[in-house]
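As structure tokens, the structure follows; a few thoughts come after it.
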Amino acid sequence: MTDEPADTLAAYLELLAGGASADAYERPVLRARADGAPPGRIAALEHAKLLALRVRAELEDRRRREAELSALIATAHDLAGLRGIDEVLQAIVRRARSLLGTDAAYLTLNDAAAGDTFMRVTDGSVSARFQELRLGMGEGLGGLVAQTSRPYATDDYLRDPRFRHTAAIDSGVRDEGLVAILGVPLRLGSGVIGVLFAADRRPRVFDQQQIALLSSFAAHAAVAIDTANLLAETRSALDGLEAANAIIRERSAAVERAADMHDRLTELVLRGGEVHDVLATVAEVLGTRAEFVAPGEGPVSAVERSRTEGRAVRHGDDWVSAMSAGDELLGAIRLRDHPGLDSADRRVLERAAMVTSLLQLSRRSASEAEQRVRGELLDDLLDAPGRAPRLLRKRAARLRADLDAPHVVLVARTADEGADTPGDRQRLWAAAAHLAATGHGLAVARDGGAVLLLPHAPDDSATVTAQNVARRLKDAVHAPVTVGASPPVPAPAARPGDVATAYAEARRCLEVLQALGRVGEGAAADDFGFLGLLLTGTGGGGQAGRFVARTIGPLLDYDARRGTALVRTLDAYFRCGMSPARTKDALHVHVNTVAQRLERVGRLLGADWQSPARALEIQLALRLHHLSPALGGE
């Protein structure tokens, strides 16, 4: 008899390995239905199909991101070796078309004398009229980008009322057959030298990631155009100005320094360098100290001015160049004690900031992808205890996690359920994901908080682990974090079902902490003694609820029917040392009222209710009754 789950998995793995189309994933289900397979088999196939399609989409998304990054790296490498302005411009539009996979790409340059922008170079264009277009500032999509220095996109240009349409522009677009157009400014310093476009001959929505990608590429392209222009100017000066040798030598040195910096930054991108590598390169090339400034720190006003103007700005004896991606500020590079920075060296600093932005975006994308994979693995451990241990081990190994070693399940929340905000939960999840990744564990957002599966150190108890996690998460999110922990799970991969059981116990511990008012602490079931056994042991809150009903149930029923306060009176009686006089003061009633209520208690619970054994049980039941929201029982 074949192993049906294994056969199902193998079928979809073969589809994934063969790069099958999305339609092919329906075939195993259709075949099973045609063969009259039982409903359970068809449901398993449907579930496997959804998982396989999700993996296929994730793989396609990664391939696309890798292709985009490879295109950026290849472009940087190509542009570093080009010197002629025509070669540079042609390489830019060719790469822009490849980068976004569009039917055409083209570039316009601003004409300051005529006050308009004109078509300079195209790739994929077939219309002569389109290739000779000139756009007045503010006319059409391109004129608006050139005028406002902001990117614009449309999924159907001729029908888009946001742009000032002219007969010449619309006629050229119609001749070319373009429908969807994206235009981004080519910024140089605080000005715009032109516009870079990517366009399709069919409707298409350009998303924010594609706009940010083309904007980053346009920033790189503008620097390459400027470098080519500088080289052209240098050659012209060498040919016609013998008297300006000293100036030419200085300009040549600046250009060579910029080219050297460009090559070294390209090498950093190719070998996956870090931010500190870029800072070290900038410091070495420019002969000064360079440091990274995090968002919201350092000279905030100078960073904001640099971001707004799109260039490096002076701050005292320092220079600051902001790093951004679209509207998001990623930080800045600060050049220390270098007041005499010339224009070429400023562009070196700006180029370094741009490359650092690309590196940070790449690292963040990789980190977010890893966090999603870690969360999916923990979700499977919590929700699908029947997972094959071998596959769980393989998935964990790729994340540098050993699921054959003991682990502890922890549940964390920033506040009582319902009192936190979406921002609190997002910060908690980000901090938990970082803690899990650095500790070779797993984390996932769940039930308004975060769930972690962390390796258990033999010398530490589950309580110590919970306290350490509560402290570290509090430091990360700047708010109290309450953490409940399970006992160690010996081998999550070998017995995935134990993880779900441990999760339920850790969650009950968290709820008990909240019920006791111990917000911001970390604890395990052992910390609650006998109360913990009732709350988190076998049977959970149901066992505790049955104990309460058996012990003081008649009083609860009597109070519910008559609207009396026997339970409250009995609780005050025990807290006052079984003294009627002190009890009447605590309740603000007459002592005869206390006596009458206690007499009623005796009739309902039995004459021996004040014996030591019965009194202990009754006091424990009263305590459990007060914790009833955390019991989760009957």
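For reference, positions follow the sequence shown, starting with 1.
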Roughly how far apart are [X] [atom1] and [Y] [atom2], rounded to 0.5 Å?
X    : Y    : atom1 : atom2 : result
Q467 : E521 : CD    : CD    : 8.0 Å
R472 : L435 : CZ    : CG    : 4.5 Å
S461 : H456 : OG    : NE2   : 7.5 Å
S486 : H407 : OG    : NE2   : 11.0 Å
L410 : L454 : CG    : CG    : 5.5 Å

List the atom pairs, with distances to 0.1 Å, where a side-chain N or O of residues 565-578 and a protein N or O form a donor-acceptor pair under 3.5 Å, not counting sequence neighbours.
{"residue": "T569", "atom": "OG1", "partner": "A565", "partner atom": "O", "Å": "2.7"}
{"residue": "T569", "atom": "OG1", "partner": "R597", "partner atom": "NH1", "Å": "2.9"}
{"residue": "D571", "atom": "OD2", "partner": "R575", "partner atom": "NE", "Å": "3.2"}
{"residue": "D571", "atom": "OD2", "partner": "H626", "partner atom": "NE2", "Å": "3.4"}
{"residue": "Y573", "atom": "OH", "partner": "M578", "partner atom": "O", "Å": "3.4"}
{"residue": "Y573", "atom": "OH", "partner": "Q610", "partner atom": "OE1", "Å": "2.7"}

Minimum heavy-atom separation for [X] to [Y], with atom names?
X    : Y    : answer
G522 : A470 : N-CB, 4.1 Å
S306 : A322 : OG-N, 2.8 Å
I211 : F206 : CD1-O, 3.9 Å
A412 : L428 : O-CD2, 3.6 Å
A485 : V408 : CB-CG1, 4.1 Å
E26  : K49  : OE2-NZ, 3.1 Å

| message | Looking at E58 and R54, is any side-chain nitrogen of the basic one under 4.0 Å from a carboxylate oxygen of the acidic one? | response |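 Result for this pair is no, no salt bridge flagged.
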
| query | Are the charged groups of D383 and R446 less than 4.0 angstrom apart, N to O? | reply |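 Here D383 pairs with R446 in a salt bridge, since their nearest N and O are under 4.0 Å apart.
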
| Hey, mind stepping through V548 and L556 against side chain to side chain contact (heavy atoms under 4.5 Å, CB included) and telling me if it holds? | CA-CA 10 Å; V548 170; L556 296 171; 4.0 Å; yes

| task | Flag yes if more than 12 heavy atoms outside R27 fall under 6.0 Å of its CZ atom; otherwise flag no. | result |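 Not buried by this count: 12 neighbours or fewer within 6.0 Å.
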
Mark yes or no for whether [X], through its side chain, and [Y], through its backbone, hold a donor-acceptor pair below 3.5 Å.
X    : Y    : answer
D35  : A37  : no
Q596 : T593 : no
T308 : E304 : yes
T482 : G520 : yes
R614 : L605 : yes

| request: Identify which one of V601, I618, L622 satisfies the side-chain contact (heavy atoms from CB on, under 4.5 Å) criterion when paired with L555. | output: V601

| query | Given L598 and W609, is the side chain to side chain contact (heavy atoms under 4.5 Å, CB included) satisfied, shown in steps? | reply | CA-CA 10 Å; L598 293 178; W609 69 273; 4.0 Å; yes

| request: Might you work through the side chain to side chain contact (heavy atoms under 4.5 Å, CB included) test for D557 and L604, ending with a clear yes or no? | output: CA-CA 10 Å; D557 293 340; L604 291 172; over 6 Å; no

| message | So V29 and E46, do their side chains get closer than 4.5 Å, heavy atoms only? | response |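 SC-SC contact between E46 and V29 confirmed.
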
